[in-house]
Amino acid sequence: MLTELEGAILSEIHHRGNQTAFQVRRAFERSPSMEWSGSAGAIYPAVRRMTAAGLIRSQATGERRGTRRLSLTVAGVAELDAWTTDVSRSVTIGVDPFRLRLSLWEAMPRAEWRTLRGKLTAGLLASTKQLEDYIAQSDPVEHPGARMAIALNKVRLQWLQSL
């Protein structure tokens, strides 16, 4: 069973095709999500593990730096398909920093909460603008996820306004 990081890496390689591990890492770095930082300490070992497991094919480019192009094997495509269609994992609430803090926010003194609520509202509006800008300059593969994140920000804003 793939981890979320492994599924995301296979997805990135599958969508864009013939990428290097460095290009995969860069795609994660450009992500507007803080959770997908794309650190070399996470991406490269995962690529090596999945290559050793026969999910990724790695082919030398002939460049002096030892650059290798990545593609999915038949087994890699099958694992990606299984990960993509795993309903129970797709609908889990997952890690959500906003939701994780809700009970703590509700327990705050009212004055402190009002100040924080204003900052959260401003942060959500800025995040939404950043996502809109990201859509304007990103590859269409990224658009559905960014649109979903914008919709989530709008729900969070509605929740903040309801308090």
Side-chain angles (χ1 to χ4, degrees), residues 1-104 120 123-124 126-157 159:
M1 181 182 288
L2 296 175
T3 66
E4 292 302 294
L5 175 63
E6 291 167 339
I9 290 169
L10 290 183
S11 178
E12 180 66 24
I13 294 168
H14 183 70
H15 280 306
R16 303 199 203 287
N18 271 340
Q19 286 197 299
T20 65
F22 177 77
Q23 289 169 317
V24 171
R25 190 183 76 143
R26 291 295 306 238
F28 279 73
E29 286 175 345
R30 288 188 302 267
S31 170
S33 172
M34 294 176 78
E35 287 72 32
W36 296 106
S37 66
S39 72
I43 302 296
Y44 296 140
V47 167
R48 281 193 297 275
R49 276 193 315 275
M50 290 188 291
T51 301
L55 303 178
I56 296 174
R57 181 179 306 106
S58 174
Q59 297 176 314
T61 62
E63 295 177 21
R64 291 177 65 177
R65 294 184 353 210
T67 301
R68 302 185 70 78
R69 294 273 173 212
L70 307 175
S71 60
L72 299 190
T73 63
V74 170
V77 171
E79 282 293 316
L80 178 60
D81 288 344
W83 177 81
T84 301
T85 59
D86 185 339
V87 173
S88 62
R89 289 179 65 195
S90 297
V91 300
T92 183
I93 58 175
V95 177
D96 180 346
F98 194 91
R99 181 182 45 81
L100 185 62
R101 291 167 173 79
L102 290 176
S103 62
L104 297 170
L120 287 167
L124 286 167
S127 173
T128 299
K129 173 73 169 106
Q130 177 189 18
L131 288 162
E132 290 166 346
D133 293 346
Y134 180 72
I135 288 172
Q137 60 182 309
S138 69
D139 170 323
V141 167
E142 302 294 330
H143 295 181
R147 286 194 306 268
M148 181 68 169
I150 289 169
L152 179 58
N153 277 355
K154 290 178 179 179
V155 169
R156 289 172 170 169
L157 283 165
W159 183 84

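In what follows, every heavy atom counts, from backbone to side chain, and hydrogens, waters and symmetry copies are set aside. This is a predicted model, so every value here is computed, not measured.
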*Asks:* What verdict does the salt bridge (Lys or Arg N to Asp or Glu O under 4.0 Å) test give for Glu29 and Arg26, after you've listed the backbone C-alpha separation in whole Å, the side-chain angles of each residue and the deciding distance to 0.1 Å?
*Replies:* CA-CA 5 Å; Glu29 286 175 345; Arg26 291 295 306 238; 3.4 Å; yes
*Asks:* Rounded at 0.5 Å granularity, tell me how far CG in Leu102 sits from CZ in Arg99.
*Replies:* 8.0 Å
*Asks:* If you round to the nearest 0.5 Å, how far is OG1 of Thr20 from CD of Gln59?
*Replies:* 13.5 Å
*Asks:* Name all residues meeting the salt bridge (charged side-chain N to carboxylate O under 4.0 Å, His left out) criterion together with Glu79; count only those two or more places apart in sequence or in a different chain, and write none if there are none.
*Replies:* none
*Asks:* Distance alone, cut at 3.5 Å: any donor-acceptor contact between the side chains of Arg69 and Gln23?
*Replies:* yes
*Asks:* Does a side chain donor of either Trp83 or Glu6 reach within less than 3.5 Å of an acceptor in the other side chain?
*Replies:* no
*Asks:* At what distance, to the nearest 0.5 angstrom, does CD1 of Ile135 lie from CG of Leu131?
*Replies:* 6.5 Å
*Asks:* Please answer whether the main-chain N or O of Tyr134 pairs with a side-chain N or O of Ser138 as donor and acceptor at a distance below 3.5 Å.
*Replies:* yes
*Asks:* Return the minimal non-hydrogen interatomic distance between Leu2 and Met50, and the atom names on each side.
*Replies:* CD2-SD, 4.4 Å
*Asks:* Would you say the side chains of Arg68 and Ser58 form a donor-acceptor pair under 3.5 Å?
*Replies:* yes
*Asks:* Run the side-chain donor-acceptor check on residues 144-156: report pairs under 3.5 Å with partners two or more places apart or on a different chain.
*Replies:*
{"from": "Asn153", "atom 1": "ND2", "to": "Ser127", "atom 2": "OG", "distance (Å)": "3.1"}
{"from": "Asn153", "atom 1": "ND2", "to": "Thr128", "atom 2": "OG1", "distance (Å)": "3.1"}
{"from": "Arg156", "atom 1": "NH2", "to": "Asp96", "atom 2": "OD1", "distance (Å)": "2.5"}
{"from": "Arg156", "atom 1": "NH2", "to": "Asp96", "atom 2": "OD2", "distance (Å)": "3.3"}

*Asks:* Are the side chain of Glu142 and the backbone N or O of Asp139 linked by a donor-acceptor pair below 3.5 Å?
*Replies:* no
*Asks:* Using the rule given for side chain to side chain contact (heavy atoms under 4.5 Å, CB included), can you reason through Leu80 versus Ser11, listing the C-alpha separation, both sets of side-chain angles and the distance that settles it, and then say yes or no?
*Replies:* CA-CA 7 Å; Leu80 178 60; Ser11 178; 4.2 Å; yes
*Asks:* Under 3.5 Å, is there a donor on one side chain and an acceptor on the other for Ser88 and Asp86?
*Replies:* yes
*Asks:* Looking at OG1 of Thr67 and CZ of Phe22, how far apart are the two atoms once the value is rounded to the nearest 0.5 Å?
*Replies:* 10.0 Å
*Asks:* Looking at Gly54, is its backbone amide N or carbonyl O close enough to the side chain of Thr73 to form a donor-acceptor pair, meaning the two atoms are under 3.5 Å apart?
*Replies:* yes
*Asks:* Drop me the distance from Phe28's CZ to Leu5's CG, to the nearest 0.5 angstrom.
*Replies:* 5.5 Å
*Asks:* Enter the distance from Ile13:CD1 to Leu72:CG here, rounded to the nearest 0.5 Å.
*Replies:* 6.0 Å
*Asks:* Take Ile43 and Val47 through the side chain to side chain contact (heavy atoms under 4.5 Å, CB included) test and state the conclusion after the steps.
*Replies:* CA-CA 6 Å; Ile43 302 296; Val47 167; 4.2 Å; yes
*Asks:* Looking at every heavy atom in both Leu70 and Ala21, which two are closest together, and how far apart are they?
*Replies:* CD1-N, 3.6 Å
